[in-house]
Engineer: 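One structure, pasted below without further comment.
From a predicted model like this one, the values you see are computed outputs, not experimental measurements. Naming convention: chains lettered A, B, ... in sequence-line order (proteins, then strands); numbering from 1 in each chain.
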There are 2 protein chains.
Amino acid sequence: MELEKVTKSLAGDDKRRYDDACGLAHALELVGERWAMLILRELAYGPRRFSGLKADLSGISANVLTQRLAELERRGIVRKTRLPPPASVQVYEATEWGLEIEPLIGALGKWAARSPNHNPTLPMSPVSLMMSLQTLFSPERAAGLEARVGFRLGESEYVASVGRERVDIERTDAAGSDVIFSGNSNDVTGVIHGGAPFETITVEGDLGLAKRFLTLFPLPPKAG
Amino acid sequence: MELEKVTKSLAGDDKRRYDDACGLAHALELVGERWAMLILRELAYGPRRFSGLKADLSGISANVLTQRLAELERRGIVRKTRLPPPASVQVYEATEWGLEIEPLIGALGKWAARSPNHNPTLPMSPVSLMMSLQTLFSPERAAGLEARVGFRLGESEYVASVGRERVDIERTDAAGSDVIFSGNSNDVTGVIHGGAPFETITVEGDLGLAKRFLTLFPLPPKAG
DNA sequence: CCGTATCCAATAAGATACTG
DNA sequence: CAGTATCTTATTGGATACGG
């Protein structure tokens, strides 16, 4: 049984292979399985705990998450580490190489947002929202603006630093930002991308900046 | 039975969905199935026939190819058309929107080529080879060079135009290029990326240029 | 909290043969 | 050439229950 399982797992890696030297084919062997890229997305801004991943990947089951993390680790894309004391909890983080796929993931998301079938009203994880700020950012619309915009999304806090040509995201205390959006990530997404009124969430600080901020992330034009 | 099939196909689209507004999740619903991105890769430089796709996607079976093409068509990524007379054969081509995923596909391939497990000795389709020229191109190494390099790879011919900052690929008659590489795509790949000697294929034209050309596509450094 | 172990159902993929 | 039709296999994913 032990042996059989090993054989099966090897088969899983071998038989389902694309026999193709093309880098893309290899990419799909590395991160092409269901959930794999979404897990990597969740690791974009730093290490995450198992339960956090499970919570933000709506619909994944524990065993699938375990399996994907193990595969990604075996392939050198994810690393299992322990946070320094006093936290000392076990976390997963992307390796340096693994981190390099994040811009591509973001670009894929931007591409797909042009689909006529894209439904932006579905739930959105905090990381998805932060990533959307980076991929949809319009430098032209932000001309001359520099600001720190904070987010309190459930357990996690982020700061988006708007600069001349890009937005940098840090997972860190939002206090001290020029303006802070607070609420669950779905509601905040509604305000940022869906045009929902501020009253649906909490907005503290420079409200003028908040209003301007919302204009910086135009949705790409629909295809077709 | 008819009805059952419809129900099943809807289930395939619905149940396997990621419930996630994130663009990436939608991208994976659009092109995340096995073979889908590889099919799009094959459409990068123009329309292709069913049999050509099947031949270059080593290992795909006819029914899977049929199904993928139908899905991609339904999603607005691929279009089924007929070549103008006198050819008048039926072909598949990427839509304008579908074409925009090509650079992302190329970047994914380049990322994956850094994997310690990447095996560059496997077979490589003509399109893969052409795409690798674009993704691995080093503008620094090509400083001052402008040239047209032709390829005759089995049935298909391509011309790579090396410019200041990029390589453009066209699927067109190779005649008139400054140098022409001919052979099956695996052998030519061996020469271009594997350091195999010219004798394994046919090289006609400016041999000095051919030698220089080989230096323009450094493999990215391995991760880990 | 962080998983592992087991089981079941759905389905996708592959092989093969066949048709307009 | 361009696919369908059919059948078999095995992988995947999801649910549940359990252990450190």
Engineer: Hey, does A/Thr66 reach any base, or is it just sugar-phosphate, or nothing, if we go heavy atoms under 4.0 Å?
Structural biologist: base

Engineer: OP1 or OP2 of C/dG3 versus the side-chain N and O atoms of A/Arg49: is any pair under 4.0 Å?
Structural biologist: no

Engineer: Kindly say if A/Tyr92 contacts the phosphate of C/dG3, meaning a side-chain N or O under 4.0 Å from OP1 or OP2.
Structural biologist: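 Yes, A/Tyr92 has a side-chain N/O under 4.0 Å of OP1/OP2 on C/dG3.
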
Engineer: Between B/Glu42 and B/Ser125, is there a side-chain donor-acceptor contact under 3.5 Å, judged purely by atom types and distance?
Structural biologist: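 Side chains of B/Ser125 and B/Glu42: pair found under 3.5 Å.
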
Engineer: What integer distance in Å separates A/Leu69:CG from C/dG3:P?
Structural biologist: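 The answer, rounded to whole Å, is 8 Å.
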
Engineer: Please give, in whole Å, the distance from C/dA13 C1' to B/Ile39 CD1?
Structural biologist: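 From B/Ile39 CD1 to C/dA13 C1': 13 Å.
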
Engineer: If you check the B/Gln90 side chain, which of C/dA13, D/dA2, C/dG3 turns out closest?
Structural biologist: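 The nucleotide sitting nearest to the side chain is D/dA2.
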
Engineer: Round to the nearest Å and state the distance from A/Arg48 atom CZ to C/dG3 atom C1'.
Structural biologist: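 Taking atom C1' of C/dG3 as the reference, CZ of A/Arg48 is at 17 Å.
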
Engineer: Does A/Glu71 come within less than 4.0 Å of A/Arg68, counting only side-chain N to carboxylate O?
Structural biologist: yes

Engineer: Mind calculating the distance between CZ (B/Arg34) and C1' (C/dG14) to the nearest angstrom?
Structural biologist: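 So the two atoms are 10 Å apart, to the nearest Å.
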
Engineer: Roughly how many Å is it from CG in A/Leu57 to P in D/dG14, rounded to a whole number?
Structural biologist: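 The distance from CG of A/Leu57 to P of D/dG14 comes to 11 Å, rounded to the nearest Å.
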
Engineer: Between P on C/dT4 and CD on A/Gln67, what's the gap in Å once rounded to a whole number?
Structural biologist: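 The distance from CD of A/Gln67 to P of C/dT4 comes to 11 Å, rounded to the nearest Å.
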
Engineer: Find the distance B/Leu65:CG to C/dA13:C1' and express it as a whole number of Å.
Structural biologist: 13 Å

Engineer: When you look at A/Ser161 and A/Glu170, which way does the side-chain hydrogen bond (donor to acceptor under 3.5 Å, both in side chains) test go after all the steps?
Structural biologist: CA-CA 8 Å; A/Ser161 304; A/Glu170 243 187 316; 5.3 Å; no

Engineer: Going by an N to O cut-off under 4.0 Å, is there a salt bridge joining A/Glu73 and A/Lys80?
Structural biologist: no

Engineer: Among D/dT12, D/dG14, C/dG3, which nucleotide sits nearest the side chain of A/Ser61?
Structural biologist: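 So the side chain of A/Ser61 is nearest to D/dG14.
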
Engineer: A/Ser51 side chain: which of C/dC2, C/dG14, D/dG14 is closest?
Structural biologist: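 Closest nucleotide among those given: C/dC2.
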
Engineer: For A/Lys80 and C/dC2, is the shortest distance between a side-chain N/O and OP1 or OP2 below 4.0 Å?
Structural biologist: no

Engineer: Strictly below 4.0 Å, N to O, side chains only: are B/Arg171 and B/Glu93 in salt-bridge contact?
Structural biologist: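 Here B/Arg171 does not pair with B/Glu93 in a salt bridge, since their nearest N and O are not under 4.0 Å apart.
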
Engineer: Round to a whole Å and report the spacing from CG of B/Asn63 to P of D/dG3.
Structural biologist: 13 Å

